[in-house]
Amino acid sequence: MEIVSASIRDLAALHRLERACFDRDGWPLIDLIAVLTFPDVVRLKAVENGTMIGFVAGDPRKSEGFSWIATIGVLPGYRRQGVGRKLLRTCEELLRTPQVRLSVRASNLNAIRLYKQEGYATLDVWRKYYADGEDAIVMEKARRANVI
Ligand SMILES: CC(C)(COP(=O)(O)OP(=O)(O)OC[C@H]1O[C@@H](n2cnc3c(N)ncnc32)[C@H](O)[C@@H]1OP(=O)(O)O)[C@@H](O)C(=O)NCCC(=O)NCCS
């Protein structure tokens with residue numbers, strides 16, 4: 001498995017991965033195009049035998065001092081093998097802001113466990129953030145002070 005930059009050529013594969021990973025929160029095509037093309041966005045894919053098995057995107061907001069992990073997903077058949085952790089760590093390294101934030105469904109305990117292991121702590125709760133009324137947990141990780 002290797003982790004490499006993604007580009008607009010990965011649109012179809014990302015669309016498939018999104019549908020496999022997010023039954024309720026899949027992005028519309030326009031957002032997938034945006035995440036694969038907007039300047040400054042860190043976009044990485046995990047590839048095994050030529051297939052995209054995972055994806056992460058991070059949006060750096062340097063003037064605010066933090067980045068957002070916009071999305072992260074690993075195909076069901078490839079989970080629990082360290083791919084998500086490796087994608088997250090590689091993305092954080094490339095984002096280079098003092099803090100990194102993300103939001104996650106309150107019920108997504110597997111993802112929350114990963115984020116806690118990786119040093120994220122709860123910063124806020126956005127009540128009824130999702131369309132079905134579920135809360136979002138906002139988590140933040142403080143990084144080394146000298147990353148900028
Ligand atoms: C969350 C997700 C990206 C994790 O990817 P992954 O490749 O399976 O993660 P890893 O193998 O690196 O696992 C890292 C840690 O996550 C946690 N974790 C992941 N899946 C878990 C599970 N099924 N049960 C318990 N803990 C789990 C564990 O803490 C695990 O560490 P461990 O294996 O040492 O116990 C993946 O489950 C996924 O794509 N889920 C659907 C999309 C999603 O919810 N994305 C996050 C939105 S905020």
Side-chain angles (χ1 to χ4, degrees), residues 1-38 40-61 64-143:
M1 188 271 294
E2 58 173 350
I3 293 184
V4 291
S5 276
S7 76
I8 192 66
R9 290 189 299 277
D10 297 303
L11 182 60
L14 180 58
H15 193 217
R16 280 194 295 275
L17 185 131
E18 274 265 318
R19 279 190 308 200
C21 287
F22 300 102
D23 48 347
R24 292 173 290 184
D25 309 319
W27 287 2
L29 205 56
I30 189 77
D31 288 353
L32 299 182
I33 292 170
V35 85
L36 290 172
T37 55
F38 272 22
D40 297 333
V41 170
V42 173
R43 49 188 84 91
L44 299 169
K45 58 181 175 176
V47 179
E48 190 158 278
N49 297 326
T51 300
M52 183 197 283
I53 61 165
F55 181 81
V56 65
D59 179 14
R61 304 193 182 168
E64 298 174 77
F66 58 82
S67 304
W68 284 101
I69 300 294
T71 185
I72 181 167
V74 174
L75 285 181
Y78 295 88
R79 288 183 191 159
R80 229 47 215 283
Q81 298 170 37
V83 178
R85 191 190 304 279
K86 195 160 183 200
L87 279 169
L88 185 61
R89 286 186 181 178
T90 311
C91 190
E92 288 169 358
E93 273 166 30
L94 295 171
L95 284 167
R96 303 191 63 77
T97 51
Q99 275 92 33
V100 182
R101 294 183 185 178
L102 52 82
S103 62
V104 55
R105 276 183 179 269
S107 63
N108 193 346
L109 300 181
N110 295 339
I112 290 171
R113 189 159 166 226
L114 166 63
Y115 302 146
K116 283 187 174 164
Q117 282 180 351
E118 291 301 306
Y120 289 80
T122 299
L123 179 71
D124 199 0
V125 178
W126 291 339
R127 299 279 171 214
K128 300 189 175 171
Y129 175 75
Y130 294 98
D132 60 3
E134 186 170 343
D135 294 345
I137 311 291
V138 181
M139 303 184 82
E140 183 179 77
K141 175 176 180 173
R143 303 178 66 230

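Ligands are counted one by one from 1 in listed order, and the atoms in each one are counted from 1 as well. Numbering of residues begins at 1 and proceeds along the displayed sequence. For the numbers below, each heavy atom of this structure counts, side chains included, while hydrogens, waters and symmetry mates do not.
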Could you give the side-chain donor-acceptor pairs of residues 45-54 under 3.5 Å, partners two or more places apart or in another chain?
unit_1, atom_1, unit_2, atom_2, d
Lys45, NZ, Asp10, OD1, 2.9
Lys45, NZ, Asp10, OD2, 3.4

On a heavy-atom basis, the closest approach of Leu36 and Ala6 is CD2-CB, 4.1 Å

Chain-and-number sorted residues having a heavy-atom contact under 4.0 Å with ligand 1 are Cys21, Phe22, Ile72, Gly73, Val74, Arg79, Arg80, Gln81, Gly82, Val83, Gly84, Arg85, Ser103, Val104, Asn108, Asn110, Ala111, Arg113, Leu114, Tyr115, Gln117

Show me, pair by pair, the donor-acceptor contacts under 3.5 angstrom made by side chains of residues 100-107, not counting sequence neighbours?
unit_1, atom_1, unit_2, atom_2, d
Arg101, NE, Glu140, OE2, 2.7
Arg101, NH2, Glu140, OE2, 3.1
Arg105, NE, Asp25, OD2, 2.8
Arg105, NH1, Asp132, OD1, 3.2
Arg105, NH1, Asp132, OD2, 3.0
Arg105, NH1, Glu134, OE1, 2.7
Arg105, NH2, Asp25, OD1, 2.8
Arg105, NH2, Asp132, OD2, 3.4
Ser107, OG, Glu134, OE1, 3.3
Ser107, OG, Glu134, OE2, 2.7

Inter- and intrachain pairs under salt bridge (charged side-chain N to carboxylate O under 4.0 Å, His left out), touching residues 106-123, at least two apart: Arg85-Glu118, Arg89-Glu118

Are the side chain of Asp135 and the backbone N or O of Lys128 linked by a donor-acceptor pair below 3.5 Å? yes

Locate the shortest heavy-atom distance separating Ile72 from Phe22; write the atom from each residue and the value. O-CZ, 3.4 Å

